[in-house]
> 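Sharing a structure below in C-alpha cells format, with a few things to ask.
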Amino acid sequence: LLRPQTFPQNGSLLPAKNSLAQLKETGSAFEVEHDCLGKCQGLFAPQLYSQPDAPCIQCLECYGMFSTQTFVMHSHRSPDKRTCHWGFDSAKWHCYVHLSSKYTDTPEGKKMMVILKEMKDKFSK
Ligand SMILES: [Zn+2]
Ligand SMILES: [Zn+2]
C-alpha cells in the first residue's frame, strides 16, 4: 500500500485541495458519490456537517466544497438520460448520495456505511 506523504505539517496553510485529503488521512472523512444529473465523486467530512447547509463534501475533481444538497447537483459530466431521475429533488440528497464503490466489501466500508447513515438522519425529521 502506497501512502505518499505529500501534506505539509502545518494544516492551517494547506490549500483546499489538500485539507480534506488530510482529514481522510486521520480516518474521519470518506469518499461518496452520486450518479444523478451526471456523476460526481467527493470526500465527505462528517465533522464539518454542523448544519444542514454546511459545506462538508469536497469534489474530487475540482476540489470545490459543497453542502450535501449542492453536491448532488454538481457534476463534471453531462447528464446520462438513463440515470436521470423523475422528480429529482436535491432536498432528497440522502437518496442520491452513496458510499464510494471502492469501499464495497471492505471492513472500513461497513463502518463508513453506518456513519453515512447517521449523517443522513442527522437533520431529517
Ligand atoms: Zn441516482
Ligand atoms: Zn467538481
Side-chain angles (χ1 to χ4, degrees):
L1 182 66
L2 279 176
R3 288 166 64 90
Q5 297 298 311
T6 52
F7 314 116
Q9 291 304 304
N10 189 343
S12 63
L13 292 176
L14 287 174
K17 178 176 176 177
N18 284 343
S19 55
L20 266 188
Q22 198 173 55
L23 282 179
K24 194 179 167 193
E25 287 287 296
T26 68
S28 43
F30 51 89
E31 285 178 36
V32 293
E33 59 192 27
H34 76 75
D35 58 6
C36 298
L37 313 174
K39 191 183 177 87
C40 192
Q41 292 180 303
L43 199 54
F44 191 170
Q47 64 270 55
L48 299 181
Y49 189 42
S50 53
Q51 46 188 347
D53 61 351
C56 56
I57 303 178
Q58 184 179 39
C59 172
L60 292 182
E61 208 161 324
C62 68
Y63 305 111
M65 290 296 297
F66 300 90
S67 68
T68 51
Q69 281 199 40
T70 52
F71 176 69
V72 295
M73 293 184 284
H74 177 73
S75 178
H76 295 273
R77 299 188 204 175
S78 45
D80 181 337
K81 292 278 191 294
R82 288 169 303 173
T83 57
C84 225
H85 295 254
W86 279 99
F88 175 80
D89 179 358
S90 65
K92 295 176 185 159
W93 67 271
H94 49 273
C95 300
Y96 310 127
V97 172
H98 48 93
L99 203 60
S100 167
S101 51
K102 69 190 270 187
Y103 300 126
T104 307
D105 296 328
T106 65
E108 63 260 59
K110 290 202 178 79
K111 263 190 294 174
M112 291 163 179
M113 204 83 95
V114 172
I115 299 170
L116 183 60
K117 182 160 190 327
E118 282 171 9
M119 293 304 109
K120 288 177 176 179
D121 292 342
K122 194 169 178 179
F123 297 110
S124 46
K125 296 261 148 62

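Each ligand, and each atom within it, is numbered from 1 in the order the structure gives.
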> Count, excluding waters, the protein N, O or S atoms that are closer to the Zn ion (ligand 2) than 2.8 Å.
4
> Test your reading of the model: is there a side-chain donor-acceptor pair from T106 to the backbone of K102, 3.5 Å cut-off?
no
> Atom NZ of residue position K117 - does it have more than 12 heavy atoms of other residues, nucleotides or ligands inside 6.0 Å?
no
> Quick check on K110: does its NZ atom have over 12 non-hydrogen neighbours (other residues, nucleotides or ligands) under 6.0 Å away?
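12 or below, so no.
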> Pair up each side-chain donor or acceptor in residues 37-53 with any protein partner under 3.5 Å, not counting sequence neighbours, and list the distances.
{"residue": "Q41", "atom": "NE2", "partner": "E33", "partner atom": "OE1", "Å": "3.1"}
{"residue": "Q47", "atom": "NE2", "partner": "S28", "partner atom": "OG", "Å": "2.9"}

> With rounding to the nearest 0.5 angstrom, report the CD to OG distance, E31 to S101.
9.5 Å
> If you count the non-hydrogen atoms of other residues, nucleotides and ligands that lie under 6.0 Å from CE in M113, is the total more than 12?
no
